[in-house]
Amino acid sequence: MKRRSFVKLGLATGALSMVNPLKGTELLEHSFESKASGPIVLSTWIHGLEANRAAWDVLIHGGKALDAVEQGVKVTEADITNRSVGIGGRPDRDGHVTLDACIMDHEGKCGAVGFLEGIKHPISVARAVMEKTQHVMLVGDGAKKFALDYGFETSKTPLPEVKKDWKTWRRENKEVFKKPEINHENHDTIGLIAMDQFGDLSGACTTSGWAYKMHGRIGDSPIIGAGLFVDNEIGACTASGLGEAIIRIAGSHTVVELMRHGFSPLEACKEAVNRIIKKNKDLTNLQCCFLAMDKKGNIGAYSVYAGFNYALKTTDDDRMVDAPFDRNW
Ligand code: ASP
């Protein structure tokens, strides 16, 4: 394994001037781009720090990116204090905690589950869908039956304190289609992408989705190409934020395709955010964030509003990075 790694602050790649119409100097002024050699783990939000360390542990012992991303996000799924991922998550408006997850490897294989209830590790069920079935995605009762048949651990949801909060919310919010607010209590998926010592990429994304969403709603997180996309020739991307807006531009796939056409990860994430801004007249509470790395180890992220950060783990780094953004709240 290569032991040496380095991180450069404020450095954009050569593609900047050649290929795309973005304002290069503006990007350079407020951007963070890192270029690390050797294994790299990136994940969304503060819970990513712990998840990255678990993923890192797999990678430094010579493990593959696929195992690393699964082990990483399992830490977040198992954290019952987390209100936006896994069994500690907040329910939909009918009181059901429904979990969404997907995983994708360096060969383009992928698996996903959606609208899954009462299973502790949806990401591992998603991996089993990928490895044991001919399908990519199972949802609802079918996903649950599959998980039980394969002996995945169950868990009773919602947790009592989460149920109490939901009852209060329910009393105060009678409108069926009330537009949910965005804050740290009602969203924050973990999307984790990693490169291993072989230079192979994989990604995982898992969430309890938007708190108090309509029953049956699935967001971007389990949708390959929206919440996550990996192309081992090019790079990987994951997303967080308003899933509906991310799905409408096939967000993570868009970012990877832009990288294929010469955009750096930062430029690609910014362009995806620009598309969301262009396509949504009302940007009230419309936070969306993308986090990407390319095959050379360049890293970038961008969000609609301020406040998105991600966890970065390399040989030299283990910290949070604030992503550049289009606007303040
Ligand atoms: N993208 C998730 C969803 O729409 C929520 C989030 O990441 O904040 O369910």
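Remember, it's 1-based here, ligands and their atoms both numbered in the order they're listed. Along the sequence shown, residues are numbered consecutively beginning with 1.
- Ionic pairing of E244 and R248 is not present here: no N-O contact between side-chain nitrogen and carboxylate oxygen is shorter than 4.0 angstrom.
- Note: H253 and F229 have perpendicular aromatic rings, judged against thresholds of 30 and 60 degrees for the angle between ring planes.
- The pair K64-D200 does not meet the salt-bridge criterion, since no charged nitrogen lies less than 4.0 angstrom from a carboxylate oxygen.
- Contact annotation: R217 has at least one heavy atom less than 4.0 Å from an atom of ligand 1.
- Numbered from 1 in the order shown, with element, the atoms of ligand 1 that lie under 4.0 Å from a heavy atom of S240 read 6 (C), 7 (O), 8 (O).
- Each of the atoms 9 (O) of ligand 1 lies under 4.0 Å from some heavy atom of G209.
- The aromatic ring centroids of H215 and F115 lie less than 6.0 Å from each other.
- In terms of polar-atom proximity, defined here as any N/O pair under 3.5 Å, D188 does make such a contact with ligand 1.
- Under a 4.0 Å criterion applied to the non-hydrogen atoms of D220, ligand 1 contributes the atoms 1 (N), 2 (C), 3 (C), 4 (O).
- Comparing T189, T44, I190, L242 against atom 2 (C) of ligand 1, the shortest heavy-atom distance belongs to T189.
- The heavy atom nearest to atom 5 (C) of ligand 1, out of those in G241, C288, S221, is found in G241.
- Close contacts of ligand 1 with G243, meaning ligand atoms under 4.0 Å from a residue heavy atom, involve 4 (O).
- Residues D92 and R217 are not paired through a salt bridge, judged by the lack of any N-O separation under 4.0 Å between the basic side chain and the carboxylate.
- Proximity to W210 (heavy-atom distance under 4.0 Å) selects the following atoms of ligand 1: 9 (O).
- Taking 4.0 Å as the cut-off between side-chain N and carboxylate O, D149 and K145 count as a salt-bridged pair.
- Classification of E50 and R53 as a salt-bridged pair holds, one side-chain N sitting under 4.0 Å from a carboxylate O.
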